[in-house]
Amino acid sequence: MLVGLYRLVPGIVDALSIVQPETVVRWHRAGFRLFWRWKARRRGGSPRAPLEIRKLIRDMSLASPLWGAPRIHGELLKLGIDAGQTSVAKYMARRRGGPSQGWRTFHCNHADGIASMDLFVVPTVSFRLLYGFLVLRHGRRRIMWLGVTANPTAEWITRQLTEACGWDAVPDYIVRDRDCVYGEAYVRRLRAMGIRDRPTAPRSPWQNAYAERLIGSIRREALDQS
């Protein structure tokens with residue numbers, strides 16, 4: 001630009017003789033900042049939600065931390081408040097964690113419908129091995145059934161599970177390990193009772209922690225003392 005001005009008006013050199021190159025670069029950068037600020041200016045858009053609606057959205061998100069923007073948006077529509085879902089997400093209270101519930105919250109909400117079972121080995125004085133079988137209800141950590149056999153089979157476990165439920169309401173889910181003793185008869189019986197089978201991952205006893213903890217208590221307080 002300066003070269004073009006010099007060719008048109010050679011006398012411009014006298015006017016620019018007092019300007020340092022750094023000053024020209026600074027002007028150039030300031031011009032770019034002004035240009036992009038003008039490009040990024042606000043051009044209207046949707047009007048801002050009233051203060052009452054913004055406060056209501058924030059109070060709803062604080063009172064129900066597991067609700068996301070779609071749920072709060074639906075509740076506002078039920079109240080006759082026409083607010084967009086993006087506006088709801090904008091005015092919700094910010095949380096550090098994710099919007100979904102954690103495992104502890106999920107387990108507390110569904111503990112009454114979860115049961116777990118497991119087998120454990122009991123050595124006898126005559127060096128025989130007996131197998132203990134227990135069924136534990138997660139809601140109040142109540143032992144539903146405790147049986148002992150020398151030859152555990154799928155049919156025997158099926159009978160024990162039937163006796164464990166008895167006249168009580170059956171659990172929605174039952175957690176177990178991947179022992180090969182749970183055969184086809186066991187799976188058919190669970191389907192007939194309306195229970196969903198939830199085997200743990202391979203080599204993951206921590207996923208059946210309540211049953212494993214109960215077995216440890218039985219060994220420490222009963223079997224290891226005899």
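What you see is a predicted model, and the numbers here were worked out from it, not measured in a lab.
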Worksheet entry | Phe32 atom CZ, neighbour heavy-atom count above 12 within 6.0 Å | no
Practice prompt. Take atom CZ of Arg54 as the centre, draw a 6.0 Å sphere, and report whether it contains more than 12 heavy atoms from other residues, nucleotides or ligands.
Written response: yes
Quick check for you: to the nearest 0.5 Å, what is the distance between [X] atom [atom1] and [Y] atom [atom2]?
{"X": "Leu76", "Y": "Leu56", "atom1": "CG", "atom2": "CG", "result": "5.5 Å"}
{"X": "Ile195", "Y": "Leu161", "atom1": "CD1", "atom2": "CG", "result": "5.0 Å"}
{"X": "Arg196", "Y": "Ile114", "atom1": "CZ", "atom2": "CD1", "result": "11.5 Å"}
{"X": "Lys55", "Y": "Met60", "atom1": "NZ", "atom2": "CE", "result": "12.5 Å"}
{"X": "His28", "Y": "Thr23", "atom1": "NE2", "atom2": "OG1", "result": "14.5 Å"}
{"X": "Gln160", "Y": "Tyr186", "atom1": "CD", "atom2": "OH", "result": "13.0 Å"}

So if you build clusters from Ile, Leu, Val, Met, Phe, Trp, Tyr with side-chain heavy-atom gaps below 4.5 Å, do [X] and [Y] land together?
{"X": "Trp145", "Y": "Val175", "result": "no"}
{"X": "Leu214", "Y": "Leu119", "result": "no"}
{"X": "Tyr131", "Y": "Val135", "result": "no"}
{"X": "Leu223", "Y": "Ile215", "result": "yes"}
{"X": "Phe120", "Y": "Val181", "result": "no"}

Atom of [X], atom of [Y] and distance for their closest heavy-atom approach:
{"X": "Arg137", "Y": "Ala169", "answer": "NH1-O, 3.2 Å"}
{"X": "Ala89", "Y": "Arg94", "answer": "O-NH1, 3.2 Å"}
{"X": "Ala164", "Y": "Met144", "answer": "O-CE, 3.8 Å"}
{"X": "Leu129", "Y": "Val121", "answer": "CD2-CG1, 3.7 Å"}
{"X": "Gln207", "Y": "Ala201", "answer": "OE1-N, 2.9 Å"}
{"X": "Gly183", "Y": "Ala154", "answer": "N-CB, 3.5 Å"}

Measure the shortest side-chain to side-chain distance between [X] and [Y] over non-hydrogen atoms and say whether it is less than 4.5 angstrom.
{"X": "Leu136", "Y": "Arg142", "answer": "no"}
{"X": "Lys39", "Y": "Trp36", "answer": "yes"}
{"X": "Ile53", "Y": "Tyr91", "answer": "no"}
{"X": "Tyr182", "Y": "Asp177", "answer": "yes"}
{"X": "Leu190", "Y": "Ile174", "answer": "yes"}
{"X": "Ile157", "Y": "Phe133", "answer": "yes"}
{"X": "Arg37", "Y": "Leu34", "answer": "yes"}

Practice prompt. Applying side-chain contact (heavy atoms from CB on, under 4.5 Å), run through Ile57 and Met92 and close with a yes or a no.
Written response: CA-CA 6 Å; Ile57 293 173; Met92 287 176 57; 4.0 Å; yes
Under the 3.5 angstrom rule, does the side chain of [X] hit a backbone N or O of [Y] as a donor-acceptor pair?
{"X": "Asp118", "Y": "Arg176", "value": "no"}
{"X": "Ser204", "Y": "Thr200", "value": "no"}
{"X": "His73", "Y": "Ala83", "value": "yes"}

Practice prompt. Using the side-chain contact (heavy atoms from CB on, under 4.5 Å) rule, take Thr124 and Leu130 through it: C-alpha gap first, then chi angles, then the decisive distance, then the call.
Written response: CA-CA 7 Å; Thr124 64; Leu130 298 178; 3.7 Å; yes
Worksheet item: Thinking salt bridges, do Arg26 and Glu22 make one under a 4.0 Å N-O criterion?
Response: no
Worksheet item: In terms of side-chain heavy atoms, does Arg141 have a donor or acceptor partner in Tyr210 at a distance below 3.5 Å?
Response: yes
Item to complete: State which residues pass side-chain contact (heavy atoms from CB on, under 4.5 Å) with Ser64; sequence neighbours excluded, sorted by chain then number.
Response: Trp67
